[in-house]
S.K.: 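I'd like to ask some things about the structure below.
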Amino acid sequence: MLVNMKEILDDASSGGYAVGGFNCSSLESALAAVRASEALGMPFILQFAPVHEQYLAFDVAAPLMLQLARAAKTPVAVHLDHGGSVEWCLRALASGFTSVMFDGSALPFEENAATTAAVARTAHALGASVEAELGSMPHNYNGEMGDYRPEDFYTKPDRAAEFVEKTGVDALAISFGTVHGIYKTAPKLSLDVVRSVRDATGALPLVMHGGSGLSDADYRDAVASGIRKVNYYTYGALAGGSAVADLAARTPAGSLHFHDVAVAATDAIRADVERVMRLLAPGGAKRA
Ligand code: 13P
């Protein structure tokens, strides 16, 4: 069933677990997440990121995602990930998304706060939820970190409290050591940052981006420290790719059908999503 993200995250906060925000860049990745959610009875957030328009146009993805959410047996929020402009957020809200992220993390604090607050007023008037970001994480899709030092970008607890107060957001993405994309070296998460931001912002659900490629202990520790939403994409996409490569390697030349490729990718992504859902909520989900 299609729900707004705040409902899902409020339940996660009271139950002390986290839910996944899984990005959909193909029909297969969306189906995989819905099937995993139904198999485990876990709510989740089905996300579209504008960076994936090169694979799946938003105008095609939006009705598909909304229909999958409406038909799902579990609560599913449909969310715009990393909306880099007010226009993107309005486009998603006009399409029926139940949640949007305005990502002003690269803007000066006051501009990020003022624009996020304006997006939040519109979204709330439409019954939708809003995520924003303070502190920033690089996009690292080829695994090259350059001279990036995560600690230079950590979210500052006092600024987070001020930001939440000024904007009225429903969830806040924070920077504490994760990056988007491939990790060439194991990430070091600063759980002190998570705990300090949690203490400074009250019960507000905190979001971990760059959530794939972490150890089981990283997920457990992040959730125990206050993370309530984990954004996940790259390593699920790699799991789908590996399954397709294996299938191609064991299929005689000339007899690999694309429908079998799609099934292999969907099944592998689904298994990976289920693994993550279990780690984020070992006791399952609870509804208020
Ligand atoms: P990964 O692709 O690193 O899992 O990050 C996903 C994400 O944070 C989307 O916002």
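This chain uses plain numbering: 1 for the first residue, then up along the sequence. Remember, it's 1-based here, ligands and their atoms both numbered in the order they're listed.
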S.K.: Is ligand 1 under 4.0 Å from a heavy atom in the side chain of Val179, in the backbone, in both, or in neither?
M.R.: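 Under 4.0 Å from ligand 1, Val179 contributes backbone atoms alone.
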
S.K.: Give yes or no for whether the N/O distance cutoff of 3.5 Å, strictly under, is met between Asp81 and ligand 1.
M.R.: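 Between Asp81 and ligand 1, an N or O pair is found under 3.5 Å apart.
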
S.K.: For Lys229 versus Ile227, what's the shortest heavy-atom pair and its separation?
M.R.: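 Smallest interatomic distance, heavy atoms only, reads O-CG2, 3.4 Å.
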
S.K.: Which label fits Phe58 and Phe97: parallel for a plane angle under 30°, tilted from 30 to 60°, or perpendicular past 60°?
M.R.: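 Phe58 vs Phe97 ring planes: tilted.
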
S.K.: Heavy-atom contacts with His209 under 4.0 Å: which atoms of ligand 1 show up? List them by number with element.
M.R.: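 Near His209, meaning under 4.0 Å from one of its heavy atoms, ligand 1 has 8 (O), 10 (O).
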
S.K.: How does His82 reach ligand 1, if at all, at less than 4.0 Å between non-hydrogen atoms: by side chain, backbone, both, or neither?
M.R.: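 Contact part for His82 vs ligand 1: side chain (C-beta onward).
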
S.K.: List the atom pairs, with distances to 0.1 Å, where a side-chain N or O of residues 255-266 and a protein N or O form a donor-acceptor pair under 3.5 Å, not counting sequence neighbours.
M.R.:
from, atom 1, to, atom 2, distance (Å)
Ser255, OG, Pro252, O, 2.7
His257, ND1, Ser255, O, 3.4
Thr266, OG1, Ala262, O, 2.6

S.K.: Tracing side-chain links under 4.5 Å among I, L, V, M, F, W and Y, which residues wind up in one group with Leu56?
M.R.: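 So far as hydrophobic clustering goes, Leu56 is joined with Val60.
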
S.K.: Short list, please: which atoms of ligand 1 are under 4.0 Å from a heavy atom of Gly211?
M.R.: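 By the 4.0 Å cutoff, the relevant atoms are 4 (O), 5 (O).
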
S.K.: Between Thr234 and ligand 1, is there a nitrogen or oxygen pair with a distance under 3.5 Å?
M.R.: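 It does: an N or O of Thr234 is found under 3.5 Å from an N or O of ligand 1.
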
S.K.: Using a 4.0 Å heavy-atom cut-off, say whether Tyr233 meets ligand 1 through its side chain, its backbone, both or neither.
M.R.: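 Both backbone and side chain of Tyr233 come within 4.0 Å of ligand 1.
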
S.K.: Closest heavy-atom contact between Val130 and Ala123?
M.R.: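 The pair with the smallest heavy-atom distance is CG2-CB, 3.3 Å.
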
S.K.: Do other residues, nucleotides or ligands put more than 12 heavy atoms under 6.0 Å from the CD atom of Glu165?
M.R.: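 Incorrect, the count does not exceed 12.
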
